Structures are given as structure tokens and as C-alpha cells.
> 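Before anything else, here's the structure in question.
Small disclaimer: the values here were computed from a predicted structure and weren't measured. Lettering of chains follows the sequences in order, A, B, ..., and the numbering in each one begins at 1.
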There are 2 protein chains.
Amino acid sequence: MENTAIVDGKKFKEIFELANSTKNGVCPVRDIIARISDKWTLLSIYALGGYGTLRFNELKNKIGDVSQRMLTVTLRNLEADGIVKRTIYPEVPPRVEYELTDLGRSLAFQLTLLTDWVTVNGEVIIKHRTLSLNKN
Amino acid sequence: MENTAIVDGKKFKEIFELANSTKNGVCPVRDIIARISDKWTLLSIYALGGYGTLRFNELKNKIGDVSQRMLTVTLRNLEADGIVKRTIYPEVPPRVEYELTDLGRSLAFQLTLLTDWVTVNGEVIIKHRTLSLNKN
DNA sequence: CGGGATCCCAGATGATACTG
DNA sequence: CAGTATCATCTGGGATCCCG
């Protein structure tokens with residue numbers, strides 16, 4: 001049944017048109033997918049999905065090799081999109097906690113589906129890629 | 001049940017660890033997601049999913065504003081990953097046709113799920129983003 | 001027709017230093 | 001602690017020209 005939906009191609013044409021058009025200069029589909037599939041964005045969402053609530057440096061230490069600047073930028077974007085909630089506690093030293101919103105959790109769930117696909121098919125792809133390289 | 005899988009966070013921790021680690025210098029999860037969520041890759045997959053088989057310039061014209069170079073690069077990558085099949089007909093002038101492989105169709109289906117999510121939640125995100133901008 | 005090769009720029013990203 | 005600001009760098013991607 002999975003293939004049925006694909007073979008007829010109707011849905012794909014609709015999606016293609018949707019992804020290939022812009023409203024007010026932006027294409028929601030492309031724009032949003034591009035943003036969420038960013039390296040640090042993906043890791044941030046997964047980390048917050050797995051650990052619930054994290055402080056800035058906790059998140060930074062978990063991801064490991066992200067620069068402070070990029071984590072800040074990433075989290076600001078996610079906050080602006082309503083995917084992450086940022087809570088500032090007026091203490092000294094300051095404490096800032098991040099967590100996924102309901103929208104964020106919903107997105108996170110969708111991303112697990114994609115990740116599952118990659119888990120199943122990733123090795124085949126990497127292998128294919130490697131073989132392809134050796135031909136040249 | 002969707003939330004159950006997320007609230008406990010177990011699966012997310014696993015996925016996070018998976019996406020945050022590398023084997024032989026590459027992380028399949030991040031690497032593959034980054035590649036497929038590229039603007040032109042996404043549009044190419046959708047177009048081939050919807051129209052089946054397309055010649056180079058047919059595909060180029062459908063997408064519209066893609067440069068020749070980028071479409072070539074995109075298709076070469078997809079071919080190397082085993083997602084797109086490239087067939088050259090030894091004619092003059094040359095004819096080259098592109099189509100999704102079984103792996104490609106499987107991936108395309110997964111991407112429709114993500115696109116569906118964006119279709120449902122995209123406007124909310126864009127609106128949230130716009131409101132967020134106006135605060136500054 | 002379907003590319004390959006080259007040049008080049010804007011924007012993304014990292015490193016570093018400073019601060020409320 | 002959790003950033004901001006600035007500078008340096010590096011890369012994606014477009015423009016252009018050429019070719020089998």
C-alpha cells in the first residue's frame with residue numbers, strides 16, 4: 001500500500017507543487033524542512049526530546065562539539081518557531097532552561113520516523129556511496 | 001500513544017546518541033538527513049516521485065530556478081547514494097533519463113510524512129516566527 | 001542535450017574576547 | 001552562567017564558458 005500511494009504519483013505532484021511554490025516570498029515546506037534538518041537543530045531537538053529540560057550548558061555539553069554561538073543561534077530560531085520554550089530564572093548566576101513545546105514534541109516524533117528510516121537504510125546508502133566513489 | 005513514546009524519552013536518548021556519534025568519521029543519520037533535506041534534493045525527489053521518469057532538462061524546467069550546475073551535483077549525489085537511477089541513451093543529441101530507485105521511492109514516501117506534518121503545522125510556525133520578529 | 005571546469009561572491013559557521 | 005559582539009574562515013551555490 002505504501003507503493004500504491006507512490007506509483008500513481010498524484011500526491012507527489014501536489015507536494016512537489018507545494019514545495020516548489022512560494023507565498024510572500026517564502027515556501028513553508030522548504031523553509032521549515034531546511035531549518036529543522038540543520039545539524040545542530042536536529043541534535044538539539046533530539047537532546048531535548050530525550051532529556052526533557054536542559055540548561056544551556058547542559059545541552060552544550062551533551063552535544064559536545066557545538067560552538068556557543070551556534071547553539072545560541074539554533075535555540076533562538078527554534079524558540080522563534082515555537083518549537084522550543086526558553087525559561088529564564090532571575091538568579092545570580094543566571095539559569096536558563098530549554099524544553100520542547102507541544103509543537104516541538106510533535107515535530108520530534110515525526111523526526112524519529114525519518115531517523116528510523118535512516119537507521120534501516122543508512123548502511124545500504126553509505127555502502128552504495130562508497131562503491132560509487134571507488135569506480136572513479 | 002504518540003506522546004507516550006516521547007515523554008519517557010528513552011527512544012530519543014538512543015536516537016540522540018546515534019545522531020551525535022560518528023563511525024569512520026561520518027554520522028549516517030546526520031549525514032543522510034542533511035543531504036536529503038537539501039533544497040534541490042527535496043524538489044528532485046518529489047518531482048521524480050510525481051512524474052516517474054524525467055530527462056535532465058525536463059526536470060530542470062519543472063524545478064524552474066535551479067542552476068544547471070546544482071541540479072547536476074544534486075543528481076550525482078542521489079545517484080551515488082542509490083536513490084536515483086541514471087540512464088544514458090547513446091543517441092545524438094544525447095538523452096539522459098532519471099528515475100527513483102526502489103530505495104528512492106521508499107525514501108520519498110518517508111518524506112511525504114514529514115511534508116504532511118509541515119502542511120499541518122507550517123502556518124502556525126510561520127505565524128509564530130513573524131510575531132516573534134515583531135517583538136524586537 | 002547534458003553536462004564538465006573554472007571563477008567568485010554571500011552567507012554560514014568557528015574562534016576569540018568581553019559582559020550583565 | 002549564559003550569553004553578545006567582532007573578526008576570520010570556509011563552503012555552497014550561481015554565473016560563465018567550453019565540450020562530446
> Between Arg55(B) (CZ) and dC1(C) (C1'), how many Å, whole number?
7 Å
> With no hydrogens and no angle check, is any side-chain donor or acceptor of Asp81(B) less than 3.5 Å from a backbone partner on Ile83(B)?
no
> Please report the closest heavy-atom contact between Val118(B) and Pro28(A), naming both atoms and the distance.
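In terms of heavy atoms, the two residues are closest at CG1-O, 3.9 Å.
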> If we only count heavy atoms from C-beta on, is the Ile63(B) to Ser44(B) side-chain gap below 4.5 Å?
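With C-beta onward as the side chain, the pair touches.
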> Let me confirm one number: the CG-CZ distance from Leu18(B) to Arg30(B), rounded to the nearest 0.5 Å.
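Separation between the atoms: 10.5 Å.
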> Would you please confirm or rule out a distance under 4.0 Å between OP1 or OP2 of dG3(C) and any side-chain N or O of Tyr98(B)?
yes
> Among Thr41(B), Thr112(B), Thr115(B), find the residue that satisfies the side-chain hydrogen bond (donor to acceptor under 3.5 Å, both in side chains) test when tested with Tyr46(B).
Thr115(B)
> Enter the inter-axis angle for the ends of the helix from dC1(C)-dG20(D) to dG20(C)-dC1(D) (five pairs per end, rounded to 10°).
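Axis angle across the helix from dC1(C)-dG20(D) to dG20(C)-dC1(D), nearest 10°: 50°.
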> Please state how far atom CD in Glu79(B) lies from atom P in dG2(C), giving the value in whole angstrom units.
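Taking atom P of dG2(C) as the reference, CD of Glu79(B) is at 15 Å.
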> Taking OP1 and OP2 of dG4(C), is either one under 4.0 Å from a side-chain nitrogen or oxygen of Arg76(B)?
yes
> In whole angstrom, what separates Glu97(B)'s CD from dG2(C)'s P?
9 Å
> Hey, where on DNA chain D does chain B first and last touch, going 5' to 3'? Cut-off is any atom under 4.0 Å from a heavy atom.
dG13(D) to dG20(D)
> Does Glu123(B), at its CD atom, have more than 12 non-hydrogen atoms belonging to other residues, nucleotides or ligands within less than 6.0 Å?
no
> Per the side chain to side chain contact (heavy atoms under 4.5 Å, CB included) rule, which among Thr53(B), Leu43(B), Leu71(B), Val96(B) passes with Leu59(B)?
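Going through Thr53(B), Leu43(B), Leu71(B), Val96(B) one by one, the side chain to side chain contact (heavy atoms under 4.5 Å, CB included) with Leu59(B) is satisfied by Leu71(B) alone.
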> Any Lys/Arg nitrogen of Glu99(A) or Lys85(A) sitting under 4.0 Å from an Asp/Glu carboxylate oxygen of the other?
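Yes, Glu99(A) and Lys85(A) are salt-bridged.
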> Should Glu91(A) and Arg95(A) count as an ion pair when the cut-off is N to O under 4.0 Å?
yes
> Could you pull out the protein-nucleic contacts involving nucleotides 12-20 of chain C (nitrogen or oxygen on both sides, under 3.5 Å)?
unit_1	atom_1	unit_2	atom_2	d
dG14(C)	N7	Arg69(A)	NE	3.4

> Please determine whether a side-chain nitrogen of the Lys or Arg among Asp31(B) and Arg129(A) lies less than 4.0 Å from a carboxylate oxygen of the Asp or Glu.
yes
> Could you tell me whether Lys62(B) sits above the aromatic face of Tyr51(B), with NZ or CZ closer than 6.0 angstrom to the six-membered ring centre and within 45 degrees of the axis?
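Positive - Lys62(B) is close enough to the ring of Tyr51(B) and near enough to its axis.
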